[in-house]
Enquirer: 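Structure in structure tokens, see below.
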Amino acid sequence: MSGPVFDAVERAFAPDSIGRPVQLRGWVLRSRSSGGILFLLLRDRTGTVQVTGKRDVLGTDAFDAAEHVQVEGAVAVEGTVAADPRSPGGREVRASRITVIDAGAPFPIFADQTEEFRLDKRHLAIRSQEHVATFRVKAEMLRAFREFFDRESVLEVTPPVLSGNAAEGGAEAFRFDYFGRPAYLSQTAQLYLEALLFPNERVYALTPSFRAEKSRTSRHLTEYLHLEAELAWTDLEGLLDFIERMVVHVAHALAERRPTELAALGRPPEELRALAAPFPRLRYAEAIDTLSRKGLPVQWGADLGTAEERALTLEAQTPIFVTHFPRELKAFYMLPTSDDRRTVEAADLLAPEGYGEIVGASCRDTDVDRLTARLRETGADPREYDWYLDLRRHGSVPHAGFGLGVERVLRWILRREHIRDTTPFPRTPSRHTP
Ligand code: ATP
Ligand code: MG
């Protein structure tokens, strides 16, 4: 669009702006008028500023039109920046002209409505300051992850999201018709990342994963953003060192670059700045001992659920690795521990303060016969995995990898009660619209 060059709202707060003309455009956050003066709180991507307009300056018609702009209506403003201690941020823009772009219908969202209603109106609810702060932290988090992988020479690759294989077994996979044949939405990109590892040695991907999770919990979505990596020539120790460095890098980057948003959402940035490696590493066997002492007995071989993870991490200030899980609890591709065949070289990273699992990691088995046997044991048909087993037939090397739930990490970092608050359009068993 040609025409006047617009300023960003933040321009009004620059040190040299007082007395200067500005041209702004954006959305009305609030408005009121009294005694022939209109007060608009105007929002754009860079912030909010108060705009005042006088009837005798704007003219009666323009003033009336501006007065009828609804919350979330759109306007363009020409005016002059003035210092005003009564205004938010100590500045205001005194308008010489207000052009209504879209006066808008009455905005349906306001205080004290139910969560269900807000979810029905999610496409509008995401304009709130809280959502905007969340979007910014999430974007910065993704940037920080990519920056870290780049620094560690891990190549970003693009695995498919639909496939004829259900990577981790059928129960939690979304199945659909693919030109008359069954297909599945990806639960993990791992098998493809393992294939991509051989030409690239170190790879990662950021793709949506889909889980037909029956359980409705505050940490499960049916679609989430999955950050997965595969690293050649790595054992469990090396893998956990890598994950630790990554989490610390991301926490520090967020504290550095998004302190205002973090604080507004309830996470003091200092707490992230204080995060340091190493994170405690606890074997599954030790974890269940700890749990018994806390009055939550777990039989050897049983999985750690939300309650157990919460009990392990409630008092913790840093994330905790739980390692060496019983083999039956974990996927077919995990490497058995060399001195204890009942366990696998796997680890979950649990976020502190009770938030629980944020990363699942393991060394991958390289033995074709054992992998085939494990597939059979888990009820899968090894023929369907023949392409995957091929990877063990041509230059197989020790390697390991992990999957991290982006929204899980964000839920911990932003201290959100429910994971849906970390994604604009949450997908849960009861909702896939808007
Ligand atoms: P959980 O036991 O919590 O269901 P999982 O063991 O099924 O997790 P993995 O299969 O190891 O999880 O997936 C890797 C990572 O993906 C998890 O550590 C978690 O961060 C994230 N994740 C898994 N399922 C979901 C989900 N339904 N919604 C959001 N994130 C998820
Ligand atoms: Mg799960």
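In each ligand, atom 1 is the first atom listed, and ligand 1 is the first ligand listed. All values reported here derive from a predicted model rather than from experimental measurement.
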Enquirer: Are any of the side-chain heavy atoms of Tyr192 and Pro160 separated by less than 4.5 Å?
Expert: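 Yes, their side chains come closer than 4.5 Å.
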Enquirer: For ligand 1, which part of His226 has a heavy atom less than 4.0 Å away: the side chain, the backbone, both, or neither?
Expert: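 Only the side chain of His226 comes within reach of ligand 1.
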Enquirer: What is the ring orientation for His249 with Phe148, classed by angle as parallel under 30°, tilted 30 to 60°, or perpendicular over 60°?
Expert: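 It falls in the tilted class, 30° to 60°.
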Enquirer: Taking heavy atoms and a distance under 4.0 Å, where does His220 meet ligand 1: side chain, backbone, both or neither?
Expert: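 Both the backbone and the side chain of His220 come within reach of ligand 1.
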Enquirer: Can you tell me if Glu407 and Tyr224 form a side-chain donor-acceptor pair at under 3.5 Å?
Expert: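 Short answer, no.
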Enquirer: Within the 4.0 Å heavy-atom shell around Leu221, which atoms of ligand 1 are there?
Expert: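 Listed by number with element, the hits are 26 (C), 27 (N), 28 (N), 29 (C).
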Enquirer: Going through the distances and angles, do Val28 and Glu72 end up as a side chain to side chain contact (heavy atoms under 4.5 Å, CB included)?
Expert: CA-CA 5 Å; Val28 172; Glu72 292 300 319; over 6 Å; no
Enquirer: Quick one: does ligand 1 sit under 4.0 Å from the side chain of Val359, the backbone, both or neither, non-hydrogen atoms only?
Expert: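 Val359 to ligand 1: backbone contact only, side chain stays beyond 4.0 Å.
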Enquirer: Is the closest heavy-atom distance from Glu407 to ligand 1 below 4.0 Å?
Expert: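 In this structure, Glu407 fails to qualify as a contact of ligand 1 - no heavy atom is under 4.0 Å.
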Enquirer: Any N or O on Ile358 sitting closer than 3.5 Å to an N or O of ligand 1?
Expert: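 So ligand 1 has an N or O lying under 3.5 Å from an N or O of Ile358.
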Enquirer: Counting neighbours of NE2 on His68 that are heavy atoms of other residues, nucleotides or ligands and sit closer than 6.0 Å, is the number greater than 12?
Expert: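 12 or below, so no.
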Enquirer: Taking the side chain as every heavy atom from C-beta outward, state whether Trp27 and Leu42 have any atom pair closer than 4.5 Å.
Expert: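 Trp27 vs Leu42: side chains apart.
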Enquirer: Under 4.0 Å from a heavy atom of Arg219: which atoms of ligand 1 are those, numbered in the order shown and with their elements?
Expert: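 Under 4.0 Å from Arg219, ligand 1 has these atoms: 3 (O), 28 (N), 29 (C).
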Enquirer: Among Phe402, Tyr224, Trp412, which residue places a heavy atom closest to atom 22 (N) of ligand 1?
Expert: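 Ranked by closest heavy atom to atom 22 (N) of ligand 1, first place is Tyr224.
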